Amino acid sequence: PGCTEMSPGGVTLTDRLVAARSPPGLRVTPCPASCSGELPPPQTVRLDRENIHTIGQLGSMPGIHSLYLQRNRIEKIESLSCFPNLRFLSLAGNCIRKVENLRALQHLRFLDLSQNQIRTLDADELPRSLRLLDLTGNECTHQPGYRELVVGALPHLLQLDSQPLRGCVEEEEQEEGSSSSEDDDELFSELSGPFTTDKDFFADLHQELAGRSRRRQGEALEEHRVRLQELQGRGGLLLPPTAL
């Protein structure tokens, strides 16, 4: 409808498509990374099930903090450095074979790469800022030493493939202090779409974040519960629990 570009394999993700899928009342204004002026409001962009095959070259969009690209046909992770303040990224249910081009996302907290075609994982390609990572449904989860490899590469990780990591919370709190708390509060308030996981996620997250303030913890869990219920009501946008 005038906002998509077709490649031989499907739709190419463009600035115009991102703008067209922005929340009502908010505006995406792509601009060069060097542009000055007031930043746009934090935004969540939902581009799931759009038959996207390729991520094109995009202008800088520092206001976008949450991006949903699940259930497309994306084969390569690329051109995401245009979202320098991205906190949440879902690429679940695509055709990705390799984890790459993510190190520029230095503020990324949540990454969902479940149900792709990743056979071998290079943990050095993952942003060190990650708190939650989901790679379930990929062959790489069966490679020898997989879990130890990921945990060793991601010092702030709290949960891997829906399984909480023990003993990480206290260390994270000591290293990051109040600035991290503010960032997480901001992230949870921005999420306007459902998190792609099952209900056990809430119990696990609650247990792992027991050392954090009760206010932040409650807000995070309630936000995700509301989004999950919203998604279930719409009927099936979430990946089936058996696939996780």
Side-chain angles (χ1 to χ4, degrees), residues 4-14 17-18 21 44-58 61 64-84 86-147 149-151 153-154 157 159-163 193-198 201 236-244:
T4 62
E5 295 181 10
M6 296 297 296
S7 68
V11 175
T12 296
L13 179 57
T14 64
L17 180 55
V18 173
R21 296 297 185 272
T44 293
V45 175
R46 301 171 71 171
L47 288 161
D48 49 273
R49 303 192 183 206
E50 294 281 352
N51 195 34
I52 296 171
H53 183 272
T54 305
I55 303 174
Q57 293 297 318
L58 306 170
M61 302 182 198
I64 296 177
H65 287 194
S66 301
L67 180 61
Y68 290 82
L69 292 170
Q70 70 265 26
R71 306 303 292 268
N72 282 293
R73 299 169 58 195
I74 298 169
E75 296 183 357
K76 183 177 182 180
I77 303 172
E78 57 186 340
S79 304
L80 294 180
S81 60
C82 63
F83 305 108
L86 201 63
R87 305 291 201 273
F88 180 103
L89 175 61
S90 177
L91 286 163
N94 280 281
C95 305
I96 296 168
R97 296 180 174 84
K98 181 180 181 181
V99 176
E100 57 186 335
N101 300 321
L102 289 173
R103 291 296 299 273
L105 303 179
Q106 298 181 6
H107 302 287
L108 195 65
R109 301 290 193 268
F110 298 78
L111 176 60
D112 188 352
L113 284 166
S114 60
Q115 309 305 321
N116 276 280
Q117 301 173 16
I118 303 168
R119 295 185 177 181
T120 303
L121 175 66
D122 182 355
D124 290 335
E125 292 290 333
L126 294 166
R128 297 297 184 266
S129 56
L130 285 177
R131 270 44 167 195
L132 279 78
L133 173 63
D134 194 346
L135 284 161
T136 54
N138 291 281
E139 289 188 27
C140 66
T141 60
H142 302 295
Q143 69 185 59
Y146 157 76
R147 194 169 182 83
L149 175 69
V150 175
V151 173
L154 303 177
L157 196 65
Q159 181 169 295
L160 174 60
D161 301 340
S162 300
Q163 296 297 319
F195 187 60
T196 52
T197 188
D198 54 45
F201 164 79
L237 182 58
L238 198 64
L239 292 179
T242 56
L244 291 176

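Note that the coordinates shown come from a computational prediction; the quantities given were computed from them, not determined experimentally.
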Expected list for residues 92-99: side-chain donor-acceptor pairs under 3.5 angstrom, two or more places apart:
residue : atom : partner : partner atom : Å
N94     : OD1  : N72     : N            : 3.3
N94     : OD1  : R73     : N            : 3.2
N94     : OD1  : I74     : N            : 3.0
N94     : ND2  : L69     : O            : 3.0
N94     : ND2  : L91     : O            : 3.0
N94     : ND2  : A92     : O            : 3.4

Grab the two heavy atoms, one from [X] and one from [Y], that are nearest each other, plus how far apart they are.
| X | Y | value |
| --- | --- | --- |
| T141 | L135 | CG2-O, 3.2 Å |
| R103 | L126 | CD-O, 3.3 Å |
| G56 | S79 | O-CB, 3.2 Å |
| E100 | E125 | CA-OE1, 3.6 Å |

| task | Please step through side-chain hydrogen bond (donor to acceptor under 3.5 Å, both in side chains) for the pair N138 and Y146, ending with a clear verdict. | result | CA-CA 11 Å; N138 291 281; Y146 157 76; over 6 Å; no
Determine whether a donor-acceptor pair (N or O, by modelled atom type, separation under 3.5 Å) exists between the side chain of [X] and the backbone of [Y].
| X | Y | value |
| --- | --- | --- |
| Q143 | L121 | yes |
| N116 | I118 | no |
| D48 | R46 | no |

*Hey, mind stepping through Q106 and S129 against side-chain hydrogen bond (donor to acceptor under 3.5 Å, both in side chains) and telling me if it holds?*
CA-CA 6 Å; Q106 298 181 6; S129 56; over 6 Å; no
To the nearest 0.5 Å, tell me how far [X] [atom1] sits from [Y] [atom2].
| X | Y | atom1 | atom2 | answer |
| --- | --- | --- | --- | --- |
| L58 | L80 | CG | CG | 8.0 Å |
| L130 | R87 | CG | CZ | 12.5 Å |
| L17 | L47 | CG | CG | 5.0 Å |
| L102 | L89 | CG | CG | 7.0 Å |
| Q70 | S90 | CD | OG | 4.0 Å |
| F88 | R131 | CZ | CZ | 15.0 Å |

### Task
Go through L154 and V151 one step at a time and tell me if the side-chain contact (heavy atoms from CB on, under 4.5 Å) criterion holds.
CA-CA 5 Å; L154 303 177; V151 173; over 6 Å; no
Let's go through L113 and I77 carefully: what are the C-alpha distance in whole Å and the side-chain angles of both, what is the deciding distance for side-chain contact (heavy atoms from CB on, under 4.5 Å) to 0.1 Å, and is it a yes or a no? CA-CA 10 Å; L113 284 166; I77 303 172; 4.1 Å; yes
Q) Could you go step by step and tell me if S114 and T136 meet the side-chain contact (heavy atoms from CB on, under 4.5 Å) rule? A) CA-CA 5 Å; S114 60; T136 54; 3.4 Å; yes
Between [X] and [Y], is any pair of side-chain heavy atoms under 4.5 Å apart?
| X | Y | answer |
| --- | --- | --- |
| I64 | V18 | yes |
| R147 | Q163 | yes |
| V11 | E50 | no |
| T120 | C140 | no |

Residue set satisfying salt bridge (charged side-chain N to carboxylate O under 4.0 Å, His left out) with R128, at least two apart, ordered chain then number -> D124
Who pairs with S81 by side chain to side chain donor-acceptor pair (under 3.5 Å), at least two apart in sequence or on another chain?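 Residues passing side chain to side chain donor-acceptor pair (under 3.5 Å) with S81: none at all.
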